[in-house]
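Just so we're on the same page: letters track the sequence lines, and every chain starts at 1.
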There are 2 protein chains.
Amino acid sequence: MKIIDQNVVIDGIDKTILNFLMEDAKRPILEIAKNIGITGAAVHQRLRKLEKSGLIEGSRLIIDPRLLGYKTMAFVGVYLDKAVSNPLAVNKLKEIPEVIECHYTTGNWSIFVKVLCKDNEHLMKVLNKNIQGIEGVSRTETFISLNQQINRQIKI
Amino acid sequence: MKIIDQNVVIDGIDKTILNFLMEDAKRPILEIAKNIGITGAAVHQRLRKLEKSGLIEGSRLIIDPRLLGYKTMAFVGVYLDKAVSNPLAVNKLKEIPEVIECHYTTGNWSIFVKVLCKDNEHLMKVLNKNIQGIEGVSRTETFISLNQQINRQIKI
DNA sequence: ACTGAAATCGTTGCTGC
DNA sequence: GCAGCAACGATTTCAGT
């Protein structure tokens, strides 16, 4: 777990550059530069500074998993027998490709995960065989996302 | 809501290309091409085909929001008075920048949202003022993510 | 920190296989 | 559907301010 002890200080120009690229990482730098009113070289310098600061983690190509048959998204609250088995359970969850998020949360559950499956049958297999099969998992509660209406990054 | 009625058919080479770029959208195409054993031009052709199919939604620059002071992530289950107020509530949620995901789910809640705030005080403001202030919202249940251990896309 | 130009590298289009 | 090459466009670097 990475410890964050200090914020990165950025100005309005940095924010504009980041907001552009957070929407579309392939947006030409010269276009962004023209929009701001500085040259492409200046934008590039700022991007290098932001990369070095660790604020920029990288870039990802975003695909629509539904077009590959992944049509069932679900959230699963996981109860663990003892709190001590948490890191072990997380390691086991990492090995399940259908698990795309995993959180250690306050409240009823020890662990909260987001899974993406092809259909309900696939989800059932992941729940019963993979997740329930992990040592220490006593019970799970599942919520199927019938429709995701918002999916975005924070506006900075 | 986009209706998906047919899957996009892709082969192993397409999968390899996509998996590379889903991890790092800036990965040089020539490098990927060499890895597969075809030319960069061929990789381009396939990418254009995949874009046209709608499978590729775009690319995003990924930043670490914690370095900008956004250190509190939470999941909020929202109870609505009547099911009919759902689309209206979603529209109101879209106007709250701290709401980064919104799902229509099975189970106890009508709507399930993921919010990203600077700290607990900020979260409290978003909950009490913004979310609870939406017409039709009767009650909310909040789970704070103390630590996100997995965050990835589906492996195809 | 930014500019402007030069060099480098990635992308796209074309022709032939 | 892919290779090879040429033309284009974008990124990156660097001296100068």
query: Within this structure, what is the CG-to-C1' distance between A:L47 and C:dC2, rounded to whole angstrom?
result: 15 Å
message: Using OP1 and OP2 only, check whether a side-chain N or O of A:R46 sits under 4.0 Å from C:dC2.
response: yes
task: Report, as yes or no, whether the 6.0 Å neighbourhood of atom NZ on B:K15 holds more than 12 heavy atoms from other residues, nucleotides or ligands.
output: no
- prompt: Over how many whole Å does the gap from A:L50 atom CG to D:dT12 atom P extend?
  reply: 14 Å
field: Shortest non-hydrogen contact between A:R60 and B:N151, atoms and distance
entry: NH2-O, 3.3 Å
message: Under 6.0 Å between ring centres: does that hold for A:H103 and B:F75?
response: yes
- request: Determine the contact category for B:A42: base if any of its heavy atoms lies under 4.0 Å from a base atom, sugar-phosphate if only primed atoms, P, OP1 or OP2 are that close, otherwise nothing.
  value: sugar-phosphate
query: Of the nucleotides C:dA1, C:dG13, D:dG1, which has the atom closest to the B:A41 side chain?
result: C:dG13
message: Could you check whether A:K114 pairs with B:E101 (Lys NZ or Arg NE/NH1/NH2 to Asp/Glu carboxylate O, under 4.0 Å)?
response: yes
query: Can you check the A:D24 CG to D:dA10 P distance for me, whole Å?
result: 13 Å
message: For DNA chain D, which residues of residues 25-40 of chain A approach it to below 4.0 angstrom with any heavy atom?
response: A:P28, A:I29, A:L30
message: For A:N7 versus B:G69, what's the shortest heavy-atom pair and its separation?
response: ND2-CA, 3.5 Å
- prompt: Does a nitrogen or oxygen in the side chain of B:H44 sit under 4.0 Å from OP1 or OP2 of C:dT12?
  reply: yes
message: Whether B:R27 and B:E31 form a salt bridge (side-chain N of Lys/Arg under 4.0 Å from carboxylate O of Asp/Glu) is what I want to check.
response: yes
- request: Mind calculating the distance between CD1 (A:I13) and C1' (C:dT3) to the nearest angstrom?
  value: 14 Å
- request: Output the single nucleotide from D:dC2, C:dC2, C:dG13 whose closest atom is nearest the side chain of B:R48.
  value: C:dG13
message: Between C1' on C:dT15 and CD on B:Q45, what's the gap in Å once rounded to a whole number?
response: 12 Å
